[in-house]
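Every chain is numbered from 1, with letters handed out A, B, ... down the list of sequences.
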Protein chains: 2
Amino acid sequence: MANEMKKPDPYQLSQQIGYNLRRANQRHVAIFAKHVDGLTPTQFAVLARLWECGALSQNKLGRLTAMDSATIKGVVERLRAKGLVHSSADQNDQRLRLVDLTQAGRAAFEIALDQALAARTETVERLTPDEIVAFEALLAKLI
Amino acid sequence: MANEMKKPDPYQLSQQIGYNLRRANQRHVAIFAKHVDGLTPTQFAVLARLWECGALSQNKLGRLTAMDSATIKGVVERLRAKGLVHSSADQNDQRLRLVDLTQAGRAAFEIALDQALAARTETVERLTPDEIVAFEALLAKLI
DNA sequence: CAACATCTGCTTGTATACGAACAAATCTGC
DNA sequence: GCAGATTTGTTCGTATACAAGCAGATGTTG
């Protein structure tokens with residue numbers, strides 16, 4: 001028979017969704033770093049969430065920015081070291097550390113916002129407007 | 001005038017492509033860890049590339065798996081500690097460390113391959129077949 | 001052949017990212 | 001009101017991820 005030989009495995013790493021999600025994220029992080037001064041994407045996410053919601057406990061802030069408690073601790077600490085954020089004890093619940101933007105944090109976010117939007121534009125520059133809409137919808141459905 | 005008041009900034013972190021790329025990647029990494037025993041997605045990517053290409057220098061292996069030289073060093077070291085990979089000096093070029101699968105590495109990849117495909121299935125479970133095709137195409141265009 | 005540039009792999013430093021274990025504070029059920 | 005469960009924040013260990021700088025090997029060009 002002609003088909004007796006086992007064909008070689010056609011597994012192609014470059015076509016795997018997981019691998020390409022990782023690469024897409026790497027690319028966006030690099031573009032973000034190029035556009036936004038002094039803030040990583042995760043640090044920017046924390047500022048954005050505080051801008052949206054106001055003061056939040058550290059753990060809740062982590063949940064709203066997709067970071068576990070060990071990760072958000074480091075991010076808040078680095079933002080605190082830059083003076084963009086301050087934290088204080090909650091009077092009603094002694095466990096909570098309320099995190100909030102400082103004046104410098106608000107100013108930094110306003111500057112970074114335009115830069116982050118420019119980064120987003122470069123990230124999707126190879127897609128048409130229709131493709132961007134479609135990609136955003138599929139990405140949201142995937143999460 | 002009715003519109004004299006400045007409207008509050010409508011910036012929504014949860015709708016940003018960069019933030020959602022990070023979350024999609026986080027989700028896939030978690031699903032991958034649930035399905036695949038003893039290998040991270042990056043470690044699996046290294047095994048897959050060696051399976052595809054055969055022995056490669058460490059730096060070239062890094063380029064073909066989207067890791068810089070500092071990152072690939074650690075990944076190879078951990079795979080070497082598990083006995084899945086070995087490295088040897090290239091006779092023609094004293095700079096190169098040729099990395100290749102061991103027998104155990106080949107066996108581990110064959111087992112992990114099915115698990116990785118199951119992880120991929122769960123990652124895209126909320127998309128229809130047509131949406132999966134569309135998403136893969138847009139993701140490839142984005143990178 | 002000698003000066004120069006490039007490539008390879010390594011190290012350090014910084015920044016996510018998460019699991020696991022822990023103590024203190026709070027809440028819940030009885 | 002009190003024992004048990006939960007929540008919060010911390011620490012430790014492990015694993016990417018990348019910039020910058022380094023030394024040794026190789027390639028290139030005059």
I'd like to check the side chain to side chain contact (heavy atoms under 4.5 Å, CB included) partners of A/Ala55; sequence neighbours left out, ordered by chain and number. A/Asp100

Tell me the interatomic distance from A/Lys34, atom NZ, to D/dA19, atom P, rounded to whole angstroms. 12 Å

For residues 110-121 of chain A, which side-chain N or O atoms pair as donor and acceptor with protein atoms under 3.5 Å away, sequence neighbours left out?
from     : atom 1 : to       : atom 2 : distance (Å)
A/Gln115 : OE1    : A/Asp37  : N      : 3.2
A/Arg120 : NH2    : A/Glu136 : OE2    : 2.6
A/Thr121 : OG1    : A/Leu117 : O      : 3.0

The bend of the helix from C/dC1-D/dG30 to C/dC30-D/dG1, taken between the axes of its five terminal pairs at each end and rounded to 10°, is 30°

Answer with yes or no whether A/Arg95 presents, from its side chain, a donor or acceptor under 3.5 Å of a partner atom in the base of D/dT7. yes

What's the CG-C1' distance between A/Leu96 and D/dT10, to the nearest Å? 15 Å

Send over the distance from A/Asn92 CG to D/dT7 P, rounded to a whole Å. 19 Å

Give the ring-plane orientation class for A/Phe109 versus A/Phe44, where under 30° counts as parallel, over 60° as perpendicular and anything between as tilted. parallel

Quickly, which of A/Leu56, A/Ile72, A/Leu84 forms a side-chain contact (heavy atoms from CB on, under 4.5 Å) with A/Val46? Name it, please. A/Ile72

Please determine, by modelled atom types, if A/Arg49 and B/Ser14 share a side-chain donor-acceptor pair under 3.5 angstrom. yes

Are B/Glu122 and B/Lys34 ion-paired here, with the side-chain N under 4.0 Å from a carboxylate O? yes

If you count every heavy atom of other residues, nucleotides or ligands that lies below 6.0 Å from B/Gln91 atom CD, does the total exceed 12? no

Would you say the side chain of A/Glu52 lies within less than 4.5 Å of the side chain of B/Leu13, judging by non-hydrogen atoms? yes

Contacts to DNA chain C from residues 56-80 of chain B, heavy-atom cutoff under 4.0 Å, which residues? B/Ser57, B/Gln58, B/Asn59, B/Arg63, B/Ser69, B/Ala70, B/Lys73

How many angstroms lie between atom CZ of B/Phe135 and atom OG1 of B/Thr123, to the nearest 0.5 angstrom? 10.0 Å

Could you tell me whether the side chain of B/Thr42 reaches within less than 4.5 Å of the side chain of B/Thr65, counting heavy atoms only? no

In whole angstroms, how far is the P atom of D/dC18 from the NE2 atom of A/His28? 14 Å

Taking 5' to 3' order, which nucleotide of DNA chain C is first and which is last to have an atom within less than 4.0 Å of a heavy atom in chain B? C/dC7 to C/dC18

By ring pair (Phe, Tyr, Trp, His ring centres under 6.0 Å), A/Tyr19 pairs with (sequence neighbours left out) none

